[in-house]
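Presented below is the structure to which this report refers.
The sequence lines fix the lettering, A, B, ..., with proteins before strands; numbering per chain opens at 1.
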Amino acid sequence: MQLARLTSLLEKSLTTDQAKQTHCQIVVSGLNDLEPLLIRQTLNSAARYSPRTARYVKAILRRMQKPDVFATSFTIRYLSQHGQFREALSVYEQMHSSGLFPNTFAVSSALKACARILCKIGGLMIHGQVQKCGFCKVVFVQTALVDFYSKLGDMVIARKVFDEIRGKNVVSWNSILAGYVKYGDLAMAQSVFDEMPAKDVISWNSMVSGYARAKNMEQAYELFRRMPQRNSASWNAMITGYIECGKIELARSFFDAMPDRNNVSYITMISAYSKYGSVESAKELYDQMAEKDLLLYNAMIACFAQNYRAKEALQLFDEMLKPNVNVQPDKMTLASAISACSQLGDSKYGTWIETYMREWGIGMDDHLATSFIDLYAKCGNIDKAYELFKSLQKRDLVAYTAMILGYGINGRAKEAIELFEEMMDADIIPNLVTFTGILTAYNHVGLVEEGYRCFMSMQRHGLLPSQDHYAIVVDLLGRAGRLEEAHELIKNMPMEPHAGVWGALLLACSLHNNVELAEVAWKNCCELEPDSSGYHSLLANIYASAGRWDDAKRLRRSVEEKGLVKIPGSSWMECSESQQ
DNA sequence: TTAGGGTTAG
């Protein structure tokens, strides 16, 4: 009686709570053989991934009297299909250790998980097991292996496995095709594509995105035109290609022309606008989306953060956390939010993010740690920044740069220089930001010759110094009294200097009471930033120190007449100090 | 029940 009732219950969809109730009845009635069926129904009923469901099912699996292949493989499939690859592999491992022999379903799902997280050892071990147990003739397993080796970039083995498949289907062909495309071997990809007995929209999309990524848009468009059917991925591949080529307007015209834009289309366009500094265009597209998901939030928050609109980045971050929105941020969201905090010098918000990470069990990876290094350093907590830097698994260019810049702006020149040398020894090529950091460090301690040499070495690294780099060196030379040299440097700049460059010279003139050159610098500053009053006060002070009281008075009067009000200077250092 | 393409980061 009870068996019939429970069996009929297990034919319907089950929520996790219903599953729990049913499971109690199963255990009480001693009908434990129904547990696998319960797991299958529970997982099948979950429309989306639910960590709670996954936890519950894994708990039943662990406590089952008889471990069951059916239930375990179903769980592995569920986890792998919902992006929980590490979880999937841990259940696969448990399956082994409990003495169960995996079936083809478990094996192909586990291989997919290894492919997605690039777990080479795991995949190789499974391949070994597959060869022993004869699954190597099952097309699902073979195709999963082709995909695994393709994703790893080992096209020789991928091809070998592929050639052994009898009865290749379109998924098998697409897996090897995607491998060659990813590897950048378009000639092989084209030959596989030509050879395929049947092509579907994924085969065409792979080829289009291959040519688009190689910036061969003529060929990409030719294929796109010939495609028997297109889906949003086909359009997105073309959009990505045009963006890669810097043809953002052409990308936008494809975006506008596509029949069904999805989140990926929006995210691709938003991040392109972000890269080119068109924040308004990005925001316009973002506002068009009614349903905003995590990736869309990430794209827009990153756009604000990368374009120095930190306040708006944090506003959006706040919005996604509101109970009526409730989108759970991930590491990428947090990295952008931390970067925004850093720009604002807002260490309090940064601390709040740290607490949030602890509460939600979000671990610190190198990427996030680097964002925090940048934040701490800019808020003056350089020792804490270095503690984090030491804890990094791998020190890459961005980590070194954040730390060098941190030392630079905190006046710790010796450490900055040592770290710069360590970085060069590790064969990491510095970028423009690294040089900003190291030049700032030299400037802080007034190491003129060393700083100048470093600046001159930028070209050897294939880097064209920016206006900001010139401003630092002008400041460096100027503070040391080498005003003429500084002036010459400005005159020989390959681009138009911005007001900051002339401002650095003006400041140096005020330190060394050079009225004549100060007037030249001031004139340029005024042309470039007519609304700024700071330069006038600086020149007025220079006049005053030189005893030219009339000129000083005249200048101050003209400032008042023009209605220019001196805005008090503020910086992140002041902000962080006032917080302490 | 199992395998394939397109997006986001300091």
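Among the nucleotides B:dG6, B:dT2, B:dG5, the one closest to the side chain of A:S109 is B:dT2. The nucleotide whose nearest atom lies closest to any side-chain atom of A:A302 is, among B:dA3, B:dA9, B:dG6, B:dA9. In this structure, the nucleotide among B:dG4, B:dA3, B:dA9 sitting nearest to the side chain of A:S108 is B:dA3. For A:S371, whose side chain is taken as the heavy atoms from C-beta onward, the closest listed nucleotide among B:dG10, B:dT2, B:dA9 is B:dG10. Among B:dG10, B:dG4, B:dT8, the nucleotide with an atom closest to any side-chain atom of A:S271 is B:dT8.
If you take CG of A:N307 and C1' of B:dA9, they are 14 Å apart, rounded to a whole angstrom. Taking atom CZ of residue A:F317 and atom P of nucleotide B:dA9, one finds them 17 Å apart after rounding to whole Å. In this structure, CE of A:M258 is placed 15 Å from P of B:dG6, rounded to the nearest angstrom. For A:I202 and B:dA3, the CD1 to P distance is 12 Å, given to the nearest whole Å. Look at CH2 on A:W173: it is 17 Å from C1' on B:dG5, rounded to the nearest Å. Atom CD1 in A:I362 sits about 18 Å away from atom P in B:dA9, given to the nearest Å. The distance between atom CG of A:L223 and atom P of B:dG6, rounded to the nearest whole Å, is 16 Å. In this structure, CG of A:D366 is placed 11 Å from C1' of B:dG10, rounded to the nearest angstrom.
Proximity of the aromatic rings of A:F224 and A:W235 is defined here by a centroid distance below 6.0 angstrom, and this criterion is met. For A:F148 and A:H127, the ring centers sit 6.0 Å or farther from each other.
Within 4.0 Å of A:D396, counting heavy atoms only, lies at least one base atom of the nucleic acid. Counting any heavy atom pair closer than 4.0 Å across all strands shown, A:S175 reaches sugar-phosphate atoms only and no base atom. Using a 4.0 Å heavy-atom criterion, one finds that A:N262 contacts the bases of the nucleic acid, with or without backbone contacts as well. If you check every strand for non-hydrogen atoms under 4.0 Å, A:R116 touches sugar and phosphate atoms only.
In this structure, A:R252 does not pair ionically with A:E249, as no charged nitrogen and carboxylate oxygen lie closer than 4.0 Å. Salt-bridge formation is detected for the pair A:R395/A:E422: a Lys NZ or Arg NE/NH1/NH2 atom is positioned less than 4.0 Å from an Asp or Glu carboxylate oxygen.
Note that A:R77 lies in the cation-pi zone of A:F74, set by a 6.0 Å cut-off to the ring centre and a 45° limit from the axis. For A:K112 and A:F85, the positive end is not near the middle of the six-membered ring at less than 6.0 Å and at most 45° from its axis.
Remark: ring of A:F105 overlaps the six-membered base ring of B:dT1 in a stacked fashion, centroids less than 5.5 Å apart, planes less than 30° apart.
A sub-4.0 Å separation between OP1 or OP2 of B:dG6 and a side-chain N or O of A:R261 is absent. Phosphate contact (OP1/OP2 of B:dT2, side-chain N/O of A:R40, threshold under 4.0 Å): absent. At B:dT2, none of the side-chain N or O atoms of A:K112 fall inside 4.0 Å of OP1 or OP2 (strictly under the cut-off).
With hydrogens and angles ignored, no donor-acceptor pair closer than 3.5 Å exists between the side chain of A:N174 and the base of B:dA3. For A:S232 and B:dG6, a side-chain-to-base donor-acceptor distance below 3.5 Å is present, hydrogens and geometry of angles not being considered. Evaluation of atom-type donor-acceptor distances gives no pair under 3.5 Å for the side chain of A:N231 against the base of B:dG6.
A heavy atom closer than 4.0 Å to some atom of DNA chain B occurs in A:F70, A:S73, A:F74, A:R77, A:Q81, these being the qualifying members of residues 66-85 of chain A. Applying a 4.0 Å cut-off to non-hydrogen atoms, the residues of residues 123-153 of chain A that approach DNA chain B are A:F140, A:T143, A:D147, A:K151, listed by residue number.
A distance-only check finds a donor-acceptor pair linking the side chain of A:N231 to the backbone of A:A233 [under 3.5 Å]. Between the A:R40 side chain and the A:A71 main chain, no donor and acceptor come within less than 3.5 Å of each other. With A:S339 contributing its side chain and A:A335 its backbone, the two residues share no donor-acceptor pair below 3.5 Å.
In summary, the side chains of A:D330 and A:T333 do present a donor paired with an acceptor at a separation below 3.5 Å, with no hydrogens or angles considered. Side-chain contact, A:S172 with A:N169: a donor N or O sits under 3.5 Å from an acceptor N or O.
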